[in-house]
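Following: one structure in structure tokens, then a few remarks.
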Amino acid sequence: MYSRNIALTDTRSFFLFGPRSTGKSTWLRNALPKALFIDLLDSEIFTTLLAQPQRLEGIIPVGWRECVVIDEVQKVPALLDEVHRLIESKHLRFVLTGSSSRKLRHGGYNLLAGRAHLREMYPLTAAELGADFSLAHSLVYGQLPLVYVDPNPTAFLKSYVSTYLNEEIQQEGLTRRLATFARFLETASFSQGAVLNISSVARDAAAERKLIESYFAILEDLLIGIRLQPFVRKAKRRLVLHPKFYFFDVGLFRALRPRGPLDSEAEILGPAAETLVLQELRAHNSNAQLGYDLYYWRSTTGAEVDFVLYGERGLVAIEVKAGAHLRAEDHRGLAAFRDDYPMAKCYLLYTGTRAAHESGVEIIPLAKFLPQLGEILAGE
């Protein structure tokens, strides 16, 4: 149904991190059909290696020359010392997948001392989905692989949230207050695409600010939350300096966001459209190794640009509007940004159908822009 636009040309060992259900194992089984797979979600293998990590060598056949894939390596971080030893002594190649960097980052574990580089896996892109891509579907369910094949994507997404609560949060002991964390997730969903006010979230979640700050850090460690920093280089005006917050996929955001009779679809569609663009930007930037850093830009007077990409390839500014018709004020943020950074390539995206070029800004329908995003960012 789809193919990943991720190059696998490096013959070194590498880490592959990404949230659950982004397709890490599926991609690796297709890309490395001869590899030996060791799945730490298998309770027997997990127990064996947790008790004695040095048993890893005994699992690998004598004289093995193909790649060894260890799924969910963060579950037994001590394995990294053994992997390091086997790379050095046996010249084996490893691919180590993970859906959380928390234990590895906070535990001071051996990250193979530069002998393995880092790759990332994101939800599917419109280009990868090809003819199956549907903007309307993606704005409601996101682009995790299973939501495009599951007959009940809503049920899948609810189960996805439950999986993270039960398996990642509870079983890993990240918090003892699961009910408070669940309430926090709902509260955080109202901050999607907004400048983050942790004190306000803490008040709404009826929890201490320090605890809520730790919960946002957990979301980042689990790779399901993103804090997007402001772009402040050579600023000519006063800017907002706090980060914006996003859950990593539209479907997860929608599954967490409570919906009552007073909530309009328009209130949710705006953050959903921004999230879809952000997850595509992150995927293309990583998959093609384009080297951009991602930011947002907002002045203290309220002029805002949703996404700013900055790197050796140049400066790109993108504003997203979830409406079929544009208004004069929709151009305000990009106009202010171009005053400060006239060299920037500027794009105004919306859910309408007319493309145009006005005052140095490319106006492109979102449904047309996303399938072409890889080429646009690469400058092709």
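Basis for what follows: all heavy atoms, side chains included, without hydrogens, waters or symmetry-related copies.
- In this structure, CG in L16 is found 7.0 Å from NZ in K24, a value given to the nearest 0.5 Å.
- Note: Y341 and F231 have perpendicular aromatic rings, judged against thresholds of 30 and 60 degrees for the angle between ring planes.
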Practice task
Take D71 and T97 through the test side chain to side chain donor-acceptor pair (under 3.5 Å) and record every step on the way to the result.
Solution key: CA-CA 5 Å; D71 260 337; T97 81; 2.7 Å; yes
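- In this structure, the side chain of S159 does not engage the main chain of A155 through any donor-acceptor pair within 3.5 Å.
- At a threshold of 4.5 Å between side-chain heavy atoms, the hydrophobic network of Ile, Leu, Val, Met, Phe, Trp and Tyr places F369 and L326 in two separate groups.
- Under a 4.0 Å N-O distance rule, the pair R332/E304 does not qualify as a salt bridge.
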Exercise for the section: For side chain to side chain contact (heavy atoms under 4.5 Å, CB included), just list the numbers for L334 and L348, CA-CA rounded to whole Å, side-chain angles, deciding distance to a tenth of an Å, and then say yes or no. Expected result: CA-CA 8 Å; L334 286 173; L348 179 56; 3.9 Å; yes
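- Counting heavy atoms from C-beta on, the side chains of L349 and E319 never come closer than 4.5 Å.
- Side-chain heavy atoms closer than 4.5 Å link hydrophobic residues (I, L, V, M, F, W, Y) into clusters, and following such links, even through other members, never connects F253 to F190.
- Separating the NZ atom in K75 from the CG atom in L40 is a distance of 8.5 Å, to the nearest 0.5 Å.
- Of the possible donor and acceptor atoms, none in the side chain of S191 sits under 3.5 Å from a partner among the backbone N and O of A194.
- Taking the six-membered ring where tryptophan is involved, the planes of F307 and Y246 are tilted, since the angle between them lies from 30° to 60°.
- With hydrogens and angles ignored, the 3.5 Å screen pairs no side-chain donor or acceptor of N287 with any backbone N or O of I6.
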Practice task
Could you go through the side chain to side chain contact (heavy atoms under 4.5 Å, CB included) check for R20 and L222 one step at a time?
Solution key: CA-CA 9 Å; R20 285 199 175 190; L222 293 178; over 6 Å; no
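- Both V149 and L139 belong to a common hydrophobic cluster when Ile, Leu, Val, Met, Phe, Trp and Tyr are linked at side-chain heavy-atom distances under 4.5 angstrom.
- The cluster map of Ile, Leu, Val, Met, Phe, Trp and Tyr, joined by side-chain heavy atoms under 4.5 Å apart, puts I59 and F46 in the same cluster.
- H242 places none of its side-chain heavy atoms less than 4.5 Å from the side chain of L196.
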Exercise for the section: Quick one: do S99 and Q74 satisfy side chain to side chain contact (heavy atoms under 4.5 Å, CB included)? Show the steps, please. Expected result: CA-CA 8 Å; S99 56; Q74 81 280 351; 3.5 Å; yes
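- For H325, the NE2 atom is loosely surrounded, since the number of other residues' heavy atoms within 6.0 Å does not exceed 12.
- Remark: Q229 CD is packed, more than 12 non-hydrogen atoms of other residues, nucleotides or ligands lying under 6.0 Å away.
- F15 and F17 have parallel rings, their planes meeting at less than 30° on a 0 to 90° scale where 60° marks the start of perpendicular.
- Between F245 and F216, the ring center distance clears the sub-6.0 Å criterion.
- Counting heavy-atom neighbours within 6.0 Å of R65 CZ, excluding the residue itself, gives a total above 12.
- The closest side-chain donor-acceptor pair between S13 and R93, if any, does not fall under 3.5 angstrom.
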Practice task
Evaluate the criterion side chain to side chain donor-acceptor pair (under 3.5 Å) for residue pair N5 and E128; output intermediate values, then yes/no.
Solution key: CA-CA 7 Å; N5 295 332; E128 289 171 334; 4.6 Å; no
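- Here the OG1 atom belonging to T187 is positioned 7.0 Å from the CD1 atom belonging to I212, to the nearest 0.5 angstrom.
- Looking only at side-chain heavy atoms (C-beta outward), T125 and L129 stay at 4.5 Å or farther from each other.
- The two residues S21 and P145 make their nearest non-hydrogen contact at O-CD, 3.2 Å.
- Here the straight-line distance linking atom CG of L278 with atom CD of Q192 works out to 8.5 Å at 0.5 Å rounding.
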Exercise for the section: Could you go through the side chain to side chain donor-acceptor pair (under 3.5 Å) check for Q143 and S138 one step at a time? Expected result: CA-CA 6 Å; Q143 291 181 174; S138 292; 2.8 Å; yes
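- Ion pairing between a basic and an acidic side chain is recognised when a charged N comes within 4.0 Å of a carboxylate O; E329 and R327 show such pairing.
- Y160 and F248 have tilted rings, their planes meeting at an angle from 30° to 60° on a 0 to 90° scale.
- Rounded to the nearest 0.5 Å, atoms CD1 (I60) and CZ (R55) are 15.0 Å apart.
- Two residues are said to be in side-chain contact when any heavy atoms from C-beta on lie closer than 4.5 Å; Y148 and L146 fail this criterion.
- The minimum heavy-atom distance linking T22 with P19 is given by the pair OG1-O, 2.7 Å.
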Problem - Audit row: R257, E186, salt bridge (Lys or Arg N to Asp or Glu O under 4.0 Å) steps and yes/no - result: CA-CA 6 Å; R257 173 69 154 81; E186 284 194 0; over 6 Å; no
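- A donor atom on one side chain and an acceptor atom on the other are not found under 3.5 Å apart for E213 and Y215.
- Looking only at distances, a side-chain donor or acceptor of S214 sits under 3.5 Å from a matching main-chain atom of L211.
- Taking CG from L269 and CZ from R254, the interatomic distance works out to 6.5 Å, rounded to the nearest 0.5 Å.
- We find that R259 and E265 are joined by a salt bridge, their nearest charged nitrogen and carboxylate oxygen being less than 4.0 Å apart.
- Taking all atoms of both residues into account, the shortest heavy-atom contact from S100 to L223 is N-CD1, 4.3 Å.
- A cation-pi contact, defined as under 6.0 Å to the ring centre and within 45° of the axis, links R29 to F37.
- The nearest pair of heavy atoms linking V147 to G142 is CG2-O, 3.5 Å.
- The shortest non-hydrogen separation linking A126 to P371 is CB-N, 3.8 Å.
- Shown here is F156, whose CZ atom has more than 12 heavy atoms of other residues, nucleotides or ligands within 6.0 Å.
- When side chains are defined from C-beta on, L219 counts as touching L185, because their heavy atoms get closer than 4.5 Å.
- Using a 4.0 Å cut-off between charged side-chain N and carboxylate O, E82 and R85 make a salt bridge.
- The side chain to side chain contact (heavy atoms under 4.5 Å, CB included) test with F94 singles out one residue from L80, I38, I87, V69, and that residue is I87.
- Each of I363 and V277 belongs to its own hydrophobic cluster when Ile, Leu, Val, Met, Phe, Trp and Tyr are linked at side-chain heavy-atom distances under 4.5 angstrom.
- Annotation: cation-pi pair K244/Y296 present, NZ/CZ under 6.0 Å from the ring centroid and within 45° of its normal.
- Ring-plane geometry between F337 and W297 is classed as perpendicular, the angle between the planes exceeding 60 degrees on a 0 to 90 degree scale with a lower cut at 30.
- Residues Y292 and V316 are in side-chain contact: their nearest non-hydrogen atoms beyond the backbone lie under 4.5 Å apart.
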Practice task
Tell me, with the steps shown, if L309 and L281 meet side chain to side chain contact (heavy atoms under 4.5 Å, CB included).
Solution key: CA-CA 9 Å; L309 290 80; L281 289 172; 4.0 Å; yes
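- Of all heavy-atom pairs between A217 and R227, the closest is N-NH2, 3.7 Å.
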